[in-house]
Amino acid sequence: AQSVTQPDIHITVSEGASLELRCNYSYGATPYLFWYVQSPGQGLQLLLKYFSGDTLVQGIKGFEAEFKRSQSSFNLRKPSVHWSDAAEYFCAVGRNSGGYQKVTFGIGTKLQVIP
Amino acid sequence: NAGVTQTPKFQVLKTGQSMTLQCAQDMNHNSMYWYRQDPGMGLRLIYYSASEGTTDKGEVPNGYNVSRLNKREFSLRLESAAPSQTSVYFCASSEGGSGTDTQYFGPGTRLTVL
């Protein structure tokens, strides 16, 4: 069974500060890992994904994430947060399951950005 | 290119009423999904359609039915709404069933059942 843990439900950072959102996964094989972002009142949008190769992946909006197999982690980072980054962030693990993509989402981390 | 569209955006029902949530995608994707989002629980899969003409149950299918009308459209029906179905519903699509696919989400339908 696959599972995702996002230990921080709510995080507050100052604008311009660095950000790290934590994600731990459980999956028996090589995981396919995703970060999605949900702005208020909107659907989810893919920030980045990892499935092989370089363990540091770059995404949209200046985000990056690092896959660490030894720690079963896929933490999301941004060096300098902007007010527009205030949103909810979901880590997810996916696999092919009988012809469809089975994705397990974490419960999300809500990011508040203060001036 | 609208991506994934959903109607309606908001809906209030009384217990026992029925309704259909509509979803359409214009990306020629094979797979489509219905999720519900509840506070503290992330997104949970209700039903999916791996390809046109096929549908199957996800994690929380009870109380719902779906129809894959054609490649573009995938509807979700609540036959007899219950307060436990108060939630935000998202439709998503992906190119196929690969574990590495990106899912594209609609804006959601916020449903309240009184």
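All values below come from the heavy atoms of this structure, side chains included, with hydrogens, waters and symmetry mates left out. Residue numbers begin at 1 in each chain, while the letters A, B, ... track the order of the sequences.
- Both the backbone and the side chain of B/Thr102 come within contact range of chain A, judged by heavy atoms closer than 4.5 Å.
- B/Leu21 places a side-chain heavy atom less than 4.5 Å from the side chain of B/Leu78.
- Of the listed residues (A/Asn96, A/Val4, A/Ile9), the one with the most heavy-atom contacts under 4.5 Å to chain B is A/Asn96.
- Contacts of B/Tyr104 with chain A are absent, with no heavy-atom separation under 4.5 Å from either backbone or side chain.
- With a 4.5 angstrom heavy-atom cutoff, B/Leu43 touches chain A via backbone and side-chain atoms both.
- Heavy-atom distances place the side chain of A/Leu46, and not its backbone, under 4.5 Å from chain B.
- Ranked by non-hydrogen atom pairs under 4.5 Å with chain B, the options A/Tyr50, A/Phe51, A/Tyr36 are led by A/Tyr36.
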### Task
Given salt bridge (charged side-chain N to carboxylate O under 4.0 Å, His left out), test B/Arg68 with B/Glu52 step by step and report yes or no.
CA-CA 6 Å; B/Arg68 182 77 182 265; B/Glu52 185 179 357; over 6 Å; no

For residues 105-114 of chain B, tabulate all N or O donor-acceptor pairs below 3.5 Å that involve a side-chain atom, not counting sequence neighbours.
from     : atom 1 : to     : atom 2 : distance (Å)
B/Thr109 : OG1    : B/Pro8 : O      : 2.5

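- The two residues B/Ser87 and B/Gln37 have their closest heavy-atom pair at OG-O, 3.0 Å.
- Here the shortest heavy-atom pairing between A/Lys49 and B/Thr100 reads NZ-O, 2.7 Å.
- Proximity to chain B (any heavy atom under 4.5 Å) is shown, for A/Gln45, by neither the backbone nor the side chain.
- In this structure, A/Phe105 and A/Phe90 have perpendicular ring planes: the angle between them is above 60°, well past the 30° mark.
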